[in-house]
Amino acid sequence: MKKESENTYVFEKKGDMKVPLKVFASEKLMKDIEKDRALEQGINMAKLPGICKHAIMMPDAHQGYGFPIGGVAAFDAEKGIISPGGIGYDINCGVRILTSNLGVDEVREKLEEILNVLYENIHTGIGSESKIRLETSELEELLDTGIDWAIKKGYATEEDKERCEENGRMPQADSSKVSDRAKKRGRKQVGSLGAGNHFIEIQAVEKILDKSTAEKFGIKEEGQVVIMIHSGSRGLGHQVCTDYLRRMETEQPEIFKSLEDKELIYAPLGTEIAEDYYKAMSAAANFGWCNRQVMTYETRNSFKKVFPDSDLKLMYDVCHNMAKLETHEIDGKMKKVYVHRKGATRAFGPGHKEIPEIYRDVGQPILIPGSMGTSSYVLVGTDEGMKETFGSTPHGAGRLMSRHQANKLYTGEQVQKDLKSKGILVRSASWRGVSEEAPGAYKDIDEVVKVSHEVGIGKIVAKLVPLGVLKG
DNA sequence: ATGTGC
């Protein structure tokens, strides 16, 4: 890797590579990135058919299935490909923030109570099932219409819809392209948190760095309480990914055989299998938005019980695991590309027509969760990001250790105790869930966000700190 | 990430 400037490294095009690989990282984070196979996977992205301009890795990058997590690649809509490994198993994993009219002191007084109420109403952990049971026909409506289903059922308002990326509904979604097995897994999981790094966190605004933008986003003052929800499409999205990986492998043996890394299986755009995958992926994305929306409904009701005057407004909901057909300026020309963001947040700059009108003049809110017990951030999209990263930023701290390593090194009890000594309460279904997500198992979120800010692909608006965490 | 893998 050649250091190009402060926070940017380039691996020049050579051999089978079609474009260079660009990595946004500080020296410190680059050392973390070099610890696993992530760079090798980044170079593999740059070898795929139809990739445009450059393959990108974010400062939080680490090894994933096929593509690295923290990888971004844009493929020519005609000559390119779509790859499930470039999106991830958790299709439309994403983050939303609810701003509140509550202050840190009043919430701290009843923190244990509100966490308990949330824990009762929102089911967590692996295989967790929500209170809702959907018939197949209703699940199909949810998959086809996204947030519109949630509005119809009373879980969402029109304002909620406006404040979701894509208005919470991928128009290409087609439930008939989702397998019965995936639907069976999804029927009981709408409104469930899941496991891993998924969480609902009650946070306080610690520092506002861009006052006027923060105000636009509904962050009025330091000490204001907000709620962050981080979850995805649960077993349904996972099954969609598995189904299409297998289908692409078996129905395209010549492509499969030719691959150095079999995890990079893809479908050429324009083929039936690529179309089917995009429709199924879009349906899973709709599930992700409905899942976070139903949890929002439960969160609002839970807060009403403990804080009767509370008013929780959706600031924004943004995804970090998805491929989308977008138009970007490449080599001076506007071009249609399928942008794969795998562990990278969609981050559009000022004026983009896909940003809600209320935020359009300043840019899109970018929501970046830290690991459990550390800070999270709100950033704003920039013109620089549109030019450099197809409108993308990092998505979080990024793992430093495998779950296995973390389990060996930490116990859930100790992690919970350490956090409690810092005034942070954790409510979880399993001790293992807590130890796997120990703050020490993750990279430094402050450093990740600093790179994003300094490079200019996303500018820091506000820093948030945890008060209480409900996790899987 | 995931009804974690044999």
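The ring-ring contact (aromatic ring centres under 6.0 Å, His included) search around A:Tyr89 returns A:Tyr65, A:His238, not counting sequence neighbours. Residues satisfying the salt bridge (Lys or Arg N to Asp or Glu O under 4.0 Å) test with A:Glu201, not counting sequence neighbours, are none. Every residue was checked against the salt bridge (Lys or Arg N to Asp or Glu O under 4.0 Å) condition with A:Glu275, not counting sequence neighbours, and none meets it. Here A:Tyr338 pairs with A:Tyr278 under the ring-ring contact (aromatic ring centres under 6.0 Å, His included) rule; sequence neighbours left out. With sequence neighbours left out, the salt bridge (Lys or Arg N to Asp or Glu O under 4.0 Å) criterion links A:Glu249 to A:Arg246.
Both cation-pi conditions hold for A:Lys262 and A:Phe256: the charged atom is under 6.0 angstrom from the six-membered ring centre and inside a 45 degree cone around its axis.
Within 4.0 Å of A:Gln189, counting heavy atoms only, lie sugar-phosphate atoms of the nucleic acid but no base atom. Using a 4.0 Å heavy-atom distance criterion, A:Gly196 is classed as a sugar-phosphate-only contact. Here A:Gly235 lies in heavy-atom contact (under 4.0 Å) with sugar-phosphate atoms only.
Between the CG atom of A:Asn407 and the C1' atom of B:dG5 there is a distance of 15 Å, rounded to whole Å. Per the geometry, CG belonging to A:Leu193 stands 9 Å off P belonging to B:dT2, to the nearest Å. The nearest whole Å value for the distance from the NE2 atom in A:His198 to the C1' atom in B:dT4 is 15 Å. One can place OH of A:Tyr65 at 18 Å from P of B:dT4, the figure rounded to the nearest angstrom. A:His404 places its NE2 atom 18 Å from the C1' atom of B:dT2, with the value rounded to the nearest Å. A straight line from CD1 of A:Ile126 to P of B:dT2 spans 6 Å, rounded to a whole angstrom. Taking atom CG of A:Asn92 as the reference point, atom P of B:dT2 lies 13 Å away to the nearest angstrom. Between A:Gln405 atom CD and B:dT4 atom C1' there is a gap of 17 Å when expressed in whole angstrom units.
A sub-4.0 Å separation between OP1 or OP2 of B:dT2 and a side-chain N or O of A:Arg234 is present.
Results of the side chain to side chain donor-acceptor pair (under 3.5 Å) test with A:Gln364 over A:Glu354, A:His352, A:Arg346 single out A:Arg346 as the only residue that passes.
For the segment residues 428-442 of chain A, the set of residues with a heavy atom within less than 4.0 Å of an atom of DNA chain B comprises A:Arg432, A:Glu437, in numerical order.
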